[in-house]
Protein chains: 2
Amino acid sequence: MARAIEWLDGKLRILDQRKLPREQIFADLDNYQDVVLAIKEMRIRGAPAIGVAVAYGIALAASSIRTTNKDDLLAQLNQVMQAFAASRPTAVNLFQAINRMKKAARGDGVAEIKKSLIDEAKQIHKEEVSATEKLSQLGAELIKDGFTLLTHCNAGALATAGYGTALGVIKAANEQGKKVSVFVTETRPLLQGARLTTWELMQEGIPVTLITDSMAGYFMKRGEIDCVIVGADRIAANGYTANKIGTYTLAVLANAHGIPFYVAAPTTTIDLSLTSGYQIPIEERSPEEVTHIQGIPIAPAGIRAANPAFDITPNQYISAIITEKGIMRAPYTEGLKRIGPRFLL
Amino acid sequence: MARAIEWLDGKLRILDQRKLPREQIFADLDNYQDVVLAIKEMRIRGAPAIGVAVAYGIALAASSIRTTNKDDLLAQLNQVMQAFAASRPTAVNLFQAINRMKKAARGDGVAEIKKSLIDEAKQIHKEEVSATEKLSQLGAELIKDGFTLLTHCNAGALATAGYGTALGVIKAANEQGKKVSVFVTETRPLLQGARLTTWELMQEGIPVTLITDSMAGYFMKRGEIDCVIVGADRIAANGYTANKIGTYTLAVLANAHGIPFYVAAPTTTIDLSLTSGYQIPIEERSPEEVTHIQGIPIAPAGIRAANPAFDITPNQYISAIITEKGIMRAPYTEGLKRIGPRFLL
């Protein structure tokens, strides 16, 4: 499996997720502005992967700041962190990473601070890999032999710079010898399901059926789906979960058909500072992502289009939240408070 | 508004709906095989429009059969009707049209039969136009001033060779001076919403917002949708309705949000021979329609894809069925029996 993000010789090597699966193109980013842009343009995407990329991006920025004055370094780093904070609003991992890097920016001199930032970024990456491995093992217990799962968007290795969240659980179940197969929704507008999730699952040899987003209800009604499993971009203190647009619709459908609906995410995705999921900011992206597919117009010129990138799934639709610290079930507020990191940016 | 289907100098002129809205290309079909192909390839689409095209296609075939023997003519016409019957399985209007044309194939001689078939096709067309105008006027009573509607796929003039069904109702409300605006789901895989419905509504000057199929739940939850209105490909005796894939999902969502869900269709779409909607045959189309968008691959080579073209919406999700003979509400079985044509092929 190609690595989505890698720290290599003081640069950030990323696999360009806009080009997959047609082209496997790696880019070596040697300045933080390119990392910010790669996040905005979703060449790097997925909440945990964004967090890791931001950490490395801050380390990269620090390395290239030419100053011998510690305060000057910290002032410049503050600007860098603001640029990252403004890159995408919904995934909380981004803000968690900034928060941790801010705390790590300490030491007697400039060189020491720069080194500690690189160390912290590597540590964040390491912890994310470990968390996704752990939660995947835990979550696999929910998957029975013979299950057909449905997943949305991409919550795999590409999205996490680790083992994956929703796809990690599926992969772990598969590695335990359970026979599983997966319906993958294409996930318009940017087709992460069609392009990325299919690609990851095919590499694992797990049987995949690609469907359009509009087909999920049809297959649930026919009794062909045993459970739905998705990742998350931010989980509020009450368990309400922001995830890729379309997730809420799948949750309502799963509920109507009595199908379990699972959210898999590392605890870095939990935001205890928000008491309700409806406080999570929803990114509105360019209408062109809707009116065009891979650059080709699919609608009349001048059409108005909406493009909310995420939606909120209320906790009553969520059967369980799978984290590296355990599987939570309703009521979520107590469980999440116990395990979730406090977001204190 | 360009006409989707027109009988012109003994040929069938169609507007190629695969090319819209980028190109407005008309094709003059002068043999029935091309009409069959145009239906299979969805250059002509929408249940009522398919019915009209089939009627003209049979008249066209009759005109070109070179025989002076009446029985020979009828035998050859039987083959033609079988070819049309095999073109697409779900829309019942196709079978209703064949049925009517079969009954119209009578007269003392070959010339008389040929003429009566052309007359019958024109009559079917005229009745469809009239039915869609009537049902649109009736349905408009359900639409209040200031309503924001959501529609799926294309149930407009293009789909009906008339005034439209779901879009007819919206157009009629607009013409009555009610301020309405419309969310249009793009309708993957073939994007009839993005390509055709937006184009029709923009020509009427009705405000349109294009969304992906996955966004409908988001906007319902936000309270931005006042009602959902769709067309139909076949309505069973119990009111269960086959319509474009994704319709069922919208109906479940509308139900979960307490939003009225209307089906608009001429009575030619009603099939009283089926006691349950689950007896309606669902067409499975080529997986390439899912794995490719306008010829461009969007998924890894060799991926398996499902492509059911329709789904079934159970009657408990349908607030009303709007026909030219009145607005039906639950329980549907009695009302539909009273107004629906008996399908007797």
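We name chains A, B, ... by the order of the sequence lines, and we start the count at 1 in each one. Just so it is clear, the structure is predicted and the values come from calculations on it, not from any experiment.
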Region of A:I293 that comes under 4.5 Å of a non-hydrogen atom in chain B: side chain
Chain A contact via B:F310 - which portion, at a heavy-atom distance below 4.5 Å: backbone
Quick one: which of B:L201, B:T209, B:V290 has the most heavy-atom pairs under 4.5 Å with chain A, could you say? B:T209
Of the listed A:G217, A:G246, A:P308, the one with the largest count of heavy-atom pairs under 4.5 Å with chain B is A:P308
Taking every non-hydrogen pair under 4.5 Å, which of B:T247, B:L253, B:V252, B:T185 racks up the most with chain A? B:L253
Considering residues, nucleotides and ligands other than B:R285, do more than 12 of their heavy atoms fall under 6.0 Å from its CZ? yes
Write down the atom of B:A299, the atom of A:P21, and the distance for their closest heavy-atom approach. C-CG, 4.0 Å
Working to the nearest 0.5 angstrom, can you tell me the gap between A:L191 CG and B:T212 OG1? 10.0 Å
Need one label for A:A251: side chain, backbone, both or neither, based on atoms under 4.5 Å from any heavy atom in chain B. neither
Measuring heavy-atom distances to chain B, does A:P300 have an atom under 4.5 Å in its side chain, in its backbone, in both, or in neither? both
Check whether any side-chain heavy atom of B:I296 sits under 4.5 Å from a side-chain heavy atom of A:R22, and report yes or no. yes
Engaged part of A:I282 at the chain B interface, taking heavy atoms whose separation is under 4.5 Å: side chain
Do you know which of A:V184, A:V208, A:L196, A:I211 has the most heavy-atom pairs under 4.5 Å to chain B? A:V208
Does any heavy atom of chain B fall under 4.5 Å from the side chain of A:N255, the backbone, both, or neither of them? neither
Just how far is it from atom CD of A:Q294 to atom CD1 of B:I298, taken to the nearest 0.5 Å? 7.5 Å
Using a cut-off of under 4.5 Å for heavy-atom pairs, which of A:G193, A:A216, A:P297 has the most such pairs with chain B? A:P297
With a 4.5 angstrom heavy-atom cut-off, is it the side chain or the backbone of A:P287 that approaches chain B, or both, or neither? neither
Answer with side chain, backbone, both or neither: which region of A:A256 has an atom nearer than 4.5 Å to a non-hydrogen atom of chain B? side chain
pair A:T249-B:T249: side-chain heavy atoms closer than 4.5 Å: yes
I'd like to know which of B:P207, B:A305, B:P314, B:G302 tops the heavy-atom pair count under 4.5 Å against chain A. B:A305
Test side chain to side chain contact (heavy atoms under 4.5 Å, CB included) applied to B:M220 and A:Y248, step by step: CA-CA 11 Å; B:M220 288 188 195; A:Y248 170 60; over 6 Å; no
Nearest 0.5 Å, what's the CZ-CZ distance between B:R188 and A:R188? 7.5 Å
Value rounded to 0.5 Å, distance of CG in A:D311 from CZ in B:F219: 10.5 Å
Would you mind checking which part of A:M215 comes under 4.5 Å of any heavy atom in chain B, side chain (CB onward), backbone (N, CA, C, O), both or neither? both
Who among B:T198, B:D213, B:L20 has the most heavy-atom pairs with chain A under 4.5 Å? B:T198
Drop me the distance from B:I303's CD1 to A:L210's CG, to the nearest 0.5 angstrom. 5.5 Å
